[in-house]
**Q** 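Following this message is one structure expressed as structure tokens.
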Amino acid sequence: MPLRKLKRVAKIVDAAMRDGARARSQSTDPGFRERVQNDRRAELSKFKTVQHALADRERIEKGKAAKAKAKKRA
């Protein structure tokens, strides 16, 4: 392989390694993780199946709370 092409490949690999190192260092930042989690939740909540699952979860929690109140009164 000619030296010119080898240098070009080395530059590409070096840039990829630096980019990966930068991404790994940012992914451990707590603020970054929180922003990603909030963004993920916001995007997922747009799906109807997720909205139905959240509504079911809320309904179940309300039912459990009502049963606990009834149990205390009895």
Side-chain angles (χ1 to χ4, degrees):
M1 182 178 274
L3 186 61
R4 186 174 179 181
K5 286 185 179 182
L6 188 61
K7 282 184 178 181
R8 186 174 178 194
V9 170
K11 281 184 180 181
I12 292 170
V13 170
D14 184 49
M17 297 292 279
R18 279 187 278 125
D19 188 42
R22 188 178 310 126
R24 282 188 296 279
S25 69
Q26 283 184 349
S27 68
T28 58
D29 178 34
F32 176 78
R33 284 185 173 194
E34 186 176 342
R35 290 190 303 274
V36 168
Q37 183 179 25
N38 290 339
D39 183 54
R40 186 179 297 132
R41 286 181 178 172
E43 289 300 315
L44 285 175
S45 67
K46 294 178 184 177
F47 292 104
K48 291 291 183 189
T49 54
V50 174
Q51 290 173 357
H52 291 303
L54 292 173
D56 289 343
R57 184 184 297 169
E58 198 172 307
R59 184 177 43 82
I60 290 169
E61 288 175 2
K62 284 181 181 179
K64 285 182 181 179
K67 285 182 182 179
K69 275 188 178 180
K71 206 175 208 183
K72 285 183 180 180
R73 289 183 182 178

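Owing to the predicted nature of the structure, the values given are computational and were not obtained by experimental measurement.
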**Q** Considering residues at least two apart in sequence or located in another chain, which fulfil the salt bridge (Lys or Arg N to Asp or Glu O under 4.0 Å) criterion with Glu61?
**A**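 None.
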
**Q** How does the hydrophobic cluster around Met17 look, that is, which other residues are in it when side-chain heavy atoms under 4.5 Å mark a link?
**A**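 Met17 shares its hydrophobic cluster with Val9, Val13.
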
**Q** Got a sec, which hydrophobics cluster with Val36, joining ILVMFWY side chains under 4.5 Å apart, including via others?
**A**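 Hydrophobic cluster check, Val36: joined to Phe32.
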
**Q** How close do Thr28 and Arg33 get, heavy atom to heavy atom, and via which atoms?
**A**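 What the structure gives for the nearest pair is CA-NE, 4.2 Å.
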
**Q** Before giving the answer on side chain to side chain contact (heavy atoms under 4.5 Å, CB included), spell out for Lys62 and Glu58 the whole-Å C-alpha distance, their side-chain angles and the decisive distance to 0.1 Å.
**A** CA-CA 6 Å; Lys62 284 181 181 179; Glu58 198 172 307; 3.8 Å; yes

**Q** Quick check for you: to the nearest 0.5 Å, what is the distance between Asp39 atom CG and Gln37 atom CD?
**A**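 Interatomic distance, Asp39 CG to Gln37 CD, rounded to 0.5 Å: 11.0 Å.
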
**Q** Going by the rule side-chain contact (heavy atoms from CB on, under 4.5 Å), which residues pair with Lys5 if we only count those two or more places apart in sequence or in a different chain?
**A**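 Lys5 satisfies side-chain contact (heavy atoms from CB on, under 4.5 Å) with Met1, Pro2 only.
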
**Q** Identify all side-chain donor-acceptor contacts of residues 46-55 below 3.5 Å with residues at least two apart in sequence or on another chain.
**A**
unit_1 : atom_1 : unit_2 : atom_2 : d
Lys46  : NZ     : Glu43  : OE2    : 3.2
Gln51  : NE2    : Ser45  : O      : 3.1

**Q** Would you please name every residue forming a side-chain hydrogen bond (donor to acceptor under 3.5 Å, both in side chains) with Asp56, sequence neighbours left out?
**A**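 With neighbours one apart ignored, the set is Arg59.
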
